[in-house]
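Working notes, beginning with the structure itself.
Here the structure is a predicted model, which is why all the values come from computation and not from measurement.
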Amino acid sequence: GQPVESGGGSVQSGGSLRLSCTGETGYTYTRICMGWFREAPGKEREGVASIDKNGRITYAESVKGRFTISREDGGENLVALQMDSLKPEDTAMYYCAAEGLYDGCSGLQSRNFGFWGRGTQVTVSP
């Protein structure tokens, strides 16, 4: 079940955006581990945040205190990412990752996840 991201856009430095991830219709997700990753031009994909079925949350050091991941346990919504105090270096394509394994959830490794969205662009101007 390929999830779908929404909520990306362009903001000025210091602004906020909220990303949402919606599951594929008809597919039942385990919601054991979900996460957000990002990929900037010329850089490798990196883990931003993850949350497991017990609510354990992991953030990349670069976003701690600014980003908040939350589960959305209603309907087809899976997970959200509230991004505050955005910086130009946060500019990237952001991807929702679903169906991750529990044991590897806190590691923010892309190989831990089974389904990926197509991404939503976030651009932060100085």
Side-chain angles (χ1 to χ4, degrees):
Q2 183 178 44
V4 177
E5 304 91 343
S6 62
S10 297
V11 296
Q12 291 187 326
S13 181
S16 298
L17 285 172
R18 180 178 175 83
L19 306 183
S20 293
C21 177
T22 303
E24 181 177 339
T25 301
Y27 181 86
T28 301
Y29 292 81
T30 64
R31 303 175 189 254
I32 291 175
C33 173
M34 298 173 288
W36 288 94
F37 287 72
R38 66 186 182 186
E39 188 171 330
K43 295 186 177 181
E44 293 186 354
R45 186 171 298 189
E46 64 171 346
V48 175
S50 68
I51 183 167
D52 70 20
K53 63 179 182 177
N54 294 320
R56 181 179 59 179
I57 292 173
T58 301
Y59 293 106
E61 285 294 326
S62 59
V63 306
K64 280 185 178 178
R66 301 187 298 120
F67 290 12
T68 304
I69 188 172
S70 59
R71 296 167 60 95
E72 298 194 320
D73 292 326
E76 296 179 334
N77 295 327
L78 297 176
V79 64
L81 185 69
Q82 177 66 40
M83 305 185 295
D84 299 316
S85 301
L86 283 161
K87 304 176 181 180
E89 50 264 46
D90 294 318
T91 295
M93 186 71 80
Y94 283 71
Y95 298 90
C96 173
E99 301 298 73
L101 300 176
Y102 179 76
D103 286 344
C105 199
S106 62
L108 290 178
Q109 296 293 320
S110 59
R111 63 177 179 268
N112 187 60
F113 294 86
F115 291 105
W116 294 83
R118 294 185 178 182
T120 185
Q121 178 68 39
V122 171
T123 303
V124 185
S125 57

Test item: Arg31 side-chain N/O and Arg71 main-chain N/O as donor-acceptor pair under 3.5 Å: no
Check your understanding: How about Arg118: does its CZ atom have over 12 heavy atoms from other parts shown lying under 6.0 Å from it?
Key -> no
Item to check | Residues, nucleotides or ligands: over 12 heavy atoms within 6.0 Å of Glu89 CD | outcome: yes
Taking every heavy atom of Val79 against every heavy atom of Cys96, the minimum-distance pair comes out as CG1-SG, 3.9 Å
Closer than 3.5 angstrom, by distance alone: can the side chain of Arg38 be matched with the main-chain N or O of Thr91 as a donor-acceptor pair? no
Quiz item: Hey, does the side chain of Glu5 reach the backbone of Gly119 with a donor-acceptor pair shorter than 3.5 angstrom?
Solution: yes
Please confirm whether the backbone N or O of Arg56 pairs with a side-chain atom of Asn54, one donor and one acceptor, at under 3.5 Å?
no
**Charged tip of Arg66 within 45° of Tyr59 ring normal and under 6.0 Å** = no
Just by distance, do the side chain of Gln121 and the backbone of Gly8 share a donor-acceptor pair under 3.5 Å?
no
Taking the ring centre of each residue, are Trp36 and Phe67 less than 6.0 Å apart? no
* Is a donor on one side and an acceptor on the other found under 3.5 Å between the side chain of Asn112 and the backbone of Leu101? -> yes
Review point. Any donor-acceptor pair under 3.5 Å linking the side chain of Tyr29 with the backbone of Glu76?
Key: no
### Task
Check the pair Gln82, Ser16 against side-chain contact (heavy atoms from CB on, under 4.5 Å), reporting the backbone distance first and the verdict last.
CA-CA 8 Å; Gln82 177 66 40; Ser16 298; 4.0 Å; yes
Closest non-hydrogen contact found for Ala60 with Gly47 is CB-O, 3.4 Å
